[in-house]
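Report on the following structure.
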Amino acid sequence: MKLFINGSWCSSSSGNTIEKLSPVTGKKMYNFPAATKDDVDNAIDAAYNSWEKWYSLGSVSRSKIIYKAKDLIEKNRKQLEDILVKENGKIRPEAVGEVDGVIDQLQYYAEFARKITGDIVEGEKANRKILQYKVPYGVVVAITPWNFPAAMVARKIAPALMTGNSVVLKPSSDTPGSAEFLVKMFLKAGIPKGVLNLVTGKGSEIGDYIIAHKKVSLVSMTGSTFTGQRIMEKASSNMAKLILELGGKAPFMVWEDADLNTALKVFMWAKYSNSGQSCIAAERLYVHERVFDKFMKMIAEASRKLTVGDPEKAKMGPLINKAALANMSKYVDEAKAEGGKVITGGGKPKLSKELKEGYFYEPTIVTGVSQESKLFQEEVFGPVIGAAKVSSFDEMLEKANDSKYGLASYLFTKDFKLANKAAEAVRFGELYINMPGPEASQGYHTGFRLTGQAGEGSKYGIAEYLKLKNVYIEY
Ligand SMILES: NC(=O)C1=CN([C@@H]2O[C@H](COP(=O)(O)OP(=O)(O)OC[C@H]3O[C@@H](n4cnc5c(N)ncnc54)[C@H](OP(=O)(O)O)[C@@H]3O)[C@@H](O)[C@H]2O)C=CC1
Ligand SMILES: O=C(O)[C@H](O)CO
């Protein structure tokens with residue numbers, strides 16, 4: 001693997017590399033460059049020196065490159081799917097779904113050609129006007145996570161490039177391969193040199209330097225709240241605009257009149273897709289006391305039947321790394337220590353010898369833990385969930401809103417009035433009523449509280465990459 005800086009592939013200037021381990025086998029896959037501060041300077045300088053020319057091409061020319069990259073990804077999609085299965089451990093159908101998401105987002109953003117508008121506002125006098133232009137920020141740093149390592153790259157670089165910004169992409173050190181593949185497709189599509197750059201390396205080592213770089217004007221990051229807060233701190237030195245999509249703790253609310261088969265189907269997706277490693281994953285389960293026992297039985301049986309193992313065959317793959325796997329045992333052990341009852345799962349599945357070292361964990365449901373417990377308050381980010389009974393709709397909403405995060409939420413009820421009451425009352429960026437996610441490209445993916453700030457997707461998401469400039473004229 002190489003860095004991509006100013007139109008050329010290169011190694012780190014120190015020659016140092018980082019090892020990538022397979023989440024499926026725990027064995028080494030490859031080494032990739034550990035960029036130095038000099039490499040970061042070169043990448044940011046290349047982006048800084050290229051964005052104005054890129055902007056001057058106009059939105060139609062820019063969109064043609066994004067369309068071309070989309071076509072190339074579509075033609076070579078099997079390669080990207082294979083990368084996702086291997087480096088993320090994603091099961092094949094979900095890898096296919098993620099590549100569909102990459103293609104959909106590139107299509108969606110390229111369609112903004114000739115649709116970026118400003119305003120003309122009247123001045124105090126008839127011969128005065130205010131021209132409000134939408135202009136690019138300049139250098140955008142895109143910092144992406146490992147859970148949807150290709151879709152998150154597309155969701156950041158497409159709007160950034162479409163609006164005339166240039167990009168320095170720093171992918172997760174758990175999944176650099178999918179970022180490299182996408183950069184190769186944009187290169188083949190004819191992206192001018194310097195407009196898109198790829199820098200790999202540990203965020204803990206080069207992250208602060210990238211964020212605080214004086215030529216960086218916007219940072220778009222998806223990842224943990226902890227890292228998002230650090231980025232906020234470091235970005236204050238150059239006042240970079242921030243788009244931060246951070247932690248989630250989605251409540252999954254099942255009312256007494258819910259269609260339990262629909263709720264079951266969506267639960268199995270919301271809890272176990274991507275092995276539960278999704279910002280919109282169900283992280284807390286609130287079920288009306290009248291249907292609690294029945295629904296627990298349904299989801300426990302379905303969870304036990306979920307095959308875990310080889311991403312080419314199983315219904316659920318591994319967690320991303322050893323630390324994530326250890327986290328699952330930590331949350332389950334703490335819940336049991338608080339008197340929680342594990343009604344299914346709670347350990348590593350028995351797997352064949354080549355998978356024994358993989359980061360696999362059983363689908364796990366725990367009852368009998370409190371609303372204040374870590375299981376209900378912290379982002380678990382894996383196939384583990386706590387379930388609690390509720391006796392009133394107000395209690396269910398109150399518990400749902402009792403979270404430091406506020407990204408996605410789910411509600412199952414046939415009562416139109418209650419559904420609208422929840423739509424008004426929930427303090428989450430998204431509420432899915434009687435349906436699964438994920439968020440759509442034309443939806444605005446945003447959250448309350450520690451979930452972050454600004455957002456991605458929809459016409460509001462593309463506007464986040466544009467600065468409004470006001471020109472006063474008198475004639
Ligand atoms: N909202 C979401 O979709 C996601 C939420 N998460 C949450 O984050 C937790 C930890 O996951 P993890 O991957 O470690 O998330 P991180 O927030 O640590 O990593 C996300 C990205 O930020 C980079 N990064 C790390 N430190 C810095 C820094 N100081 N400055 C700039 N960039 C930095 C990482 O690089 P590097 O990989 O080199 O460290 C990676 O590219 C998960 O368990 C989950 O709770 C994680 C992923 C997605
Ligand atoms: O970041 C994520 O996990 C995605 O937005 C979920 O769809």
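The shown structure was predicted, so the numbers you read here are calculated from the model rather than taken from an experiment.
Contacts of K90 classified as side-chain hydrogen bond (donor to acceptor under 3.5 Å, both in side chains), with partners at least two apart in sequence or in another chain: E98, N274. Annotation: side chain to side chain contact (heavy atoms under 4.5 Å, CB included) contacts of T307 (sequence neighbours excluded): A314, K315. In terms of the side chain to side chain contact (heavy atoms under 4.5 Å, CB included) criterion, residue partners of M29 (sequence neighbours excluded) are, by chain and number, K20, S22, K86, E87. Here S50 pairs with S166, V195 under the side chain to side chain contact (heavy atoms under 4.5 Å, CB included) rule; sequence neighbours left out. By the side-chain hydrogen bond (donor to acceptor under 3.5 Å, both in side chains) test, D100 is found to be paired with R77, residues two or more places apart in sequence or in another chain being considered.
Sorted by first and then second residue, the ring-ring contact (aromatic ring centres under 6.0 Å, His included) pairs involving residues 225-254 (not counting sequence neighbours) are F252-F267, F252-Y410, F252-F412. Under the salt bridge (Lys or Arg N to Asp or Glu O under 4.0 Å) criterion, the residue pairs touching residues 166-194 are E180-K184, with sequence neighbours excluded. Legend: side-chain hydrogen bond (donor to acceptor under 3.5 Å, both in side chains) pairs involving residues 134-150, not counting sequence neighbours: none detected. Applying the salt bridge (Lys or Arg N to Asp or Glu O under 4.0 Å) definition to pairs two or more places apart or across chains, those involving residues 205-215 are D45-K215, D208-R230. Listed by first and then second residue, the salt bridge (Lys or Arg N to Asp or Glu O under 4.0 Å) pairs that reach into residues 457-471 are K241-E464, sequence neighbours excluded. Sorted pairs that involve residues 51-65 and meet side-chain hydrogen bond (donor to acceptor under 3.5 Å, both in side chains), not counting sequence neighbours, are lacking altogether. Sequence neighbours left out, the pairs with a member in residues 145-166 that pass salt bridge (Lys or Arg N to Asp or Glu O under 4.0 Å) are R155-E245, R155-E439, R155-E456, K156-E456.
Heavy atoms from other residues, nucleotides or ligands lying under 6.0 Å from NZ of K322 number 12 at most. No more than 12 heavy-atom neighbours from other residues, nucleotides or ligands sit within 6.0 angstrom of CD on E424.
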For N434 and T262, what are the C-alpha separation, side-chain angles and deciding distance, and is it a side-chain hydrogen bond (donor to acceptor under 3.5 Å, both in side chains)? CA-CA 7 Å; N434 297 330; T262 302; over 6 Å; no

Please assess E379 against K249 for the test salt bridge (Lys or Arg N to Asp or Glu O under 4.0 Å), listing each intermediate value before the final yes or no. CA-CA 6 Å; E379 184 176 42; K249 190 70 186 173; over 6 Å; no

Between Y286 and Q371, does a side-chain hydrogen bond (donor to acceptor under 3.5 Å, both in side chains) hold up when you go through it step by step? CA-CA 10 Å; Y286 299 111; Q371 173 73 5; 2.7 Å; yes

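The CG atom of L411 sits 6.0 Å away from atom CG of L431, with the distance rounded to the nearest 0.5 Å. Expressed to the nearest 0.5 Å, how far OH of Y272 lies from CD of E94 amounts to 13.5 Å.
Using a cutoff of 4.0 Å between basic side-chain nitrogens and carboxylate oxygens, K399 and D402 are not scored as salt-bridged. With respect to D71 and K75, no salt bridge is recorded, no charged nitrogen being found less than 4.0 Å from a carboxylate O.
With hydrogens and angles left out, the side-chain atoms of N165 and T163 include a donor and acceptor closer than 3.5 Å. Counted by atom type alone, D257 and H288 present zero donor-acceptor pairs between their side chains at under 3.5 Å. For the residue pair D104 / S441, a side-chain donor-acceptor distance below 3.5 Å is found, with atom types taken as modelled. With 3.5 Å as the limit, one finds no donor-acceptor pair spanning the side chains of Y67 and E111. In the model, Y30 has no side-chain atom that pairs as donor or acceptor with a side-chain atom of E19 under 3.5 Å.
For the side chain to side chain contact (heavy atoms under 4.5 Å, CB included) with V199, the lone residue among V141, I206, N42 that qualifies is I206.
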